[in-house]
Colleague: 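I'd like to ask you about the structure that follows.
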Amino acid sequence: MCSPFEMHPCLNVDEILRLVAYELIASELKATAVSLACCCRSIQDPVLDTLWETQDRLVTLLKCLPQEVWKEENGTFCFQRIPTKLEWTNFQEYTRRMRILQLDASKDYIDSEAILVLQLRTANEPFLPRLEDFECRSTTDAFIPLIPLFLSPRTANITITFTEYPSIVAVAAIISRFSTLCPDLKSVTLNGLPQNPVAIGAVSEMLLSCNRDSLGAFCVESPLTEEAREFLYRLPNLSILWATIRGRTVLPQVALPNLVSIDIDFENNLDWLQGFRGTTLDKLEEVSFRSKSERIGDFLGAFASVALTTSAQNSLFAFRFHTSSSWNPTYNALLPFEQLSELEIEFSCDNGCSSRVDDDVIALLARAMPKLETLRLGGEPCRTPTGATVKGLVALASRCPHLYDLRIHFQAASLAEAAVSAMTTPRDDNELVDRWDDCMLADLDVGRIPVPAQSAQSVALTLLNIFPRLIDVKYTNQEWKPVADTIKSFGRIGAFVRHIGKAHRHVQLASEPDDTLPGCS
């Protein structure tokens, strides 16, 4: 038994101390954690490691240097003198603990001479020697030279978003050093890259220098050279891929056995799809495609003809396609993908409604894809009175019980008509008699769909009859406000009633005699 002045033996275990430190800081009890660290040497390192593990400001870190070393002028950090070796050694007590740095460069204003001071003091040693994840948003030309300071051989994940129109030469110079500074990169994400030969060459060179066995995610908004494409599409452990394809690009025969997610930005040419023909994609779960071309054609048919030759049919659960152009896709090509839980195909109605989604299309999709949780067809629904009717919505409610999020063009007028019909039609002929309580739909995006005058209540009640769990209606047409308010009010009541009903059922089950117990007849 421990005396009152002895520490419990468990508190000599480093893992337990780190768990205590983590729980205190996660519970917003930082002051308590710091107090413990000040009075107990054994927990000092775990607390400091936890406090400094993740940071989101560079200036906050630099202010740990003695105050006479630095100053702020007009919100810009600068050095008044070069830190001494002793001051720098003490400062490294914090920098060595950092594992994750998530910066917004637009919030850290650092004088250009401060960069030179940091470079002088770090010399050939990493500024953050144990940094594993580096993320920088709004990366300006002034901040780009700082990036190599943060990277080290321990850095495995790099995410950088550049501001609009960055310096091509500065960006290329930094990118080309990634694989040298971080020899075992696992993930690279680069957004906002200029698409020109200099940037393409730098990205391709960086990729070719990466460790092919460690790279698991490559998400870069830039085309690649042919040599780099040969390397990228044959990485054995790549699981996440974002690719940009321009012009008539032909891919090599793809061999990505561990691919889980792919996102491709392409133009109107579809030759690149053939690189996936016959590929083993047992782990592929989600695909996303984006195109700015005005001529998309039968992309869904071209995709299906290739995908059905792979092993992805049974593993794919999410399909997304986005274009800013008008488009009238043929959805039948996707019917074989019965495992889909998310189907999102977005196109524009700005130059006239191009949606051809009707009851037949909805019924086919609902029948083929009963596991759907998210269904979004078209962009924001427009004011054109077209799309599915109450029959299509009933088909979704009855066949897709897991559906939670819905955005399609539909006719609100048909809901109002159904409400009137329900009051005059015999019960046996009324399609709205049944309620689909199992349908989980909670979010409905109606956009600018017109609502017939004086019919808000009937539209709301018909929607609740079809989707009893509906709560949130997203709209930009103010005609939907009374509908949305009614649904939200009824939705809260319905949730309460279901909760009470469930509790009542549990009480009933608890009060029923158990025939398996002795003495029960």
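Note that this is a predicted model, so its numbers are computed, not measured. Position 1 is the first residue of the sequence, and the numbers go up from there.
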Colleague: Given the rule in the ring pair (Phe, Tyr, Trp, His ring centres under 6.0 Å) test, do W327 and F299 qualify, once you have shown the distances and angles that lead to the verdict?
Modeller: CA-CA 10 Å; W327 189 35; F299 175 81; 7.1 Å; no
Colleague: In this structure, are over 12 heavy atoms from other groups packed under 6.0 Å from F77 atom CZ?
Modeller: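 Yes, enclosed.
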Colleague: Can you name the nearest heavy-atom pair linking I168 to P194, along with the distance?
Modeller: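 Closest pair (atom of I168, atom of P194, distance): CG1-CG, 4.0 Å.
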Colleague: With no hydrogens and no angle check, do the side chains of E346 and H322 hold a donor and an acceptor under 3.5 Å apart?
Modeller: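 A donor-acceptor contact under 3.5 Å links the two side chains.
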Colleague: Looking at R121 and P83, would you say the former's side chain and the latter's main chain have a donor-acceptor pair under 3.5 Å?
Modeller: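 Side chain of R121 to backbone of P83, a donor-acceptor pair under 3.5 Å: yes, one is there.
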Colleague: Is a side-chain N or O of D141 found less than 3.5 angstrom from the main chain of S167, in a donor-acceptor match?
Modeller: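 Looks like yes, one N/O pair under 3.5 Å.
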Colleague: Does F319 form a ring pair (Phe, Tyr, Trp, His ring centres under 6.0 Å) with F317? I'd like the steps, not just the answer.
Modeller: CA-CA 7 Å; F319 180 96; F317 74 78; over 10 Å; no
Colleague: For the CD atom on E93, are there more than 12 heavy atoms of other groups (residues, nucleotides or ligands in this structure) within a distance under 6.0 Å?
Modeller: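 Yes, enclosed.
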Colleague: Can you tell me if T279 uses its side chain to pair, donor with acceptor, with the backbone of T310 under 3.5 Å?
Modeller: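 No; zero donor-acceptor contacts below 3.5 Å.
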Colleague: One pair to check against salt bridge (Lys or Arg N to Asp or Glu O under 4.0 Å): D265 and R246. What are the steps and the verdict?
Modeller: CA-CA 8 Å; D265 186 331; R246 293 291 176 259; 3.4 Å; yes
Colleague: So which atom in L377 and which in L365 form the shortest heavy-atom distance, rounded to 0.1 Å?
Modeller: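 Looking at all heavy atoms of both residues, the shortest contact is CD1-CD1, 3.8 Å.
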Colleague: What is the minimum heavy-atom distance between W272 and L251, and which atoms define it?
Modeller: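 Closest heavy-atom pair between W272 and L251: O-CD1, 3.5 Å.
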Colleague: If I take atom CG from residue L372 and atom CG from residue L340, how far apart are they, to the nearest 0.5 angstrom?
Modeller: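 Interatomic distance, L372 CG to L340 CG, rounded to 0.5 Å: 7.0 Å.
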Colleague: Indicate whether the side chain of T244 and that of Q195 have a donor and an acceptor atom separated by less than 3.5 Å.
Modeller: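 No, Q195 and T244 have no side-chain donor paired with an acceptor closer than 3.5 Å.
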Colleague: So, E373 and K371, do they make that salt bridge, N to O below 4.0 Å?
Modeller: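 The answer is no: the pair does not qualify as a salt bridge.
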Colleague: Dump the intermediate steps for salt bridge (Lys or Arg N to Asp or Glu O under 4.0 Å) on E132 and R130, then the final yes or no.
Modeller: CA-CA 6 Å; E132 297 173 3; R130 298 182 183 176; over 6 Å; no
Colleague: Looking only at atom types and distance, does a side-chain atom of Q253 sit under 3.5 Å from a main-chain N or O of R277, one as donor and one as acceptor?
Modeller: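 Yes; at least one donor-acceptor contact below 3.5 Å.
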Colleague: Any side-chain donor paired with an acceptor under 3.5 Å for T76 and D111?
Modeller: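 No, because no side-chain N or O of T76 sits under 3.5 Å from a partner of the opposite role on D111.
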Colleague: Any side-chain donor-acceptor pair under 3.5 Å between T389 and D359?
Modeller: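 Per modelled atom types, T389 and D359 side chains form a pair under 3.5 Å.
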Colleague: Consider ring pair (Phe, Tyr, Trp, His ring centres under 6.0 Å). Of F150, F178, F127, which one does F134 pass it with?
Modeller: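 The ring pair (Phe, Tyr, Trp, His ring centres under 6.0 Å) with F134 is passed solely by F150 among F150, F178, F127.
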Colleague: Is a salt bridge present between D358 and R356, judged by a nitrogen-to-oxygen distance below 4.0 Å?
Modeller: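 Result for this pair is no, no salt bridge flagged.
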Colleague: Could you report the tightest heavy-atom contact between L185 and T155, atom names first, then the distance?
Modeller: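 Heavy atoms of L185 and T155 come nearest at CD2-O, 4.0 Å.
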Colleague: Working to the nearest 0.5 Å, report the span between OG of S204 and CG of L224.
Modeller: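 That separation rounds to 4.5 Å.
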Colleague: One pair to check against ring pair (Phe, Tyr, Trp, His ring centres under 6.0 Å): F337 and F303. What are the steps and the verdict?
Modeller: CA-CA 12 Å; F337 299 91; F303 165 80; 5.8 Å; yes
Colleague: Output, in order, the C-alpha distance, side-chain angles, deciding distance and verdict of side-chain hydrogen bond (donor to acceptor under 3.5 Å, both in side chains) for T476 and E380.
Modeller: CA-CA 9 Å; T476 53; E380 180 187 63; 3.0 Å; yes
Colleague: Can you confirm whether E230 is buried at CD, in the sense that more than 12 heavy atoms of other residues, nucleotides or ligands lie under 6.0 Å from that atom?
Modeller: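 For E230, atom CD is crowded (more than 12 foreign heavy atoms under 6.0 Å).
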Colleague: Classify the ring geometry between F321 and F289 as parallel (under 30°), tilted (30 to 60°) or perpendicular (over 60°).
Modeller: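 Tilted: the ring planes of F321 and F289 meet at 30° to 60°.
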Colleague: Determine whether a donor-acceptor pair (N or O, by modelled atom type, separation under 3.5 Å) exists between the side chain of S176 and the backbone of M206.
Modeller: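 Side chain of S176 to backbone of M206: no pair is present.
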Colleague: Would the number of heavy atoms belonging to other residues, nucleotides or ligands and lying under 6.0 Å from CZ of R248 be above 12?
Modeller: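 Not more than 12 within 6.0 Å, no.
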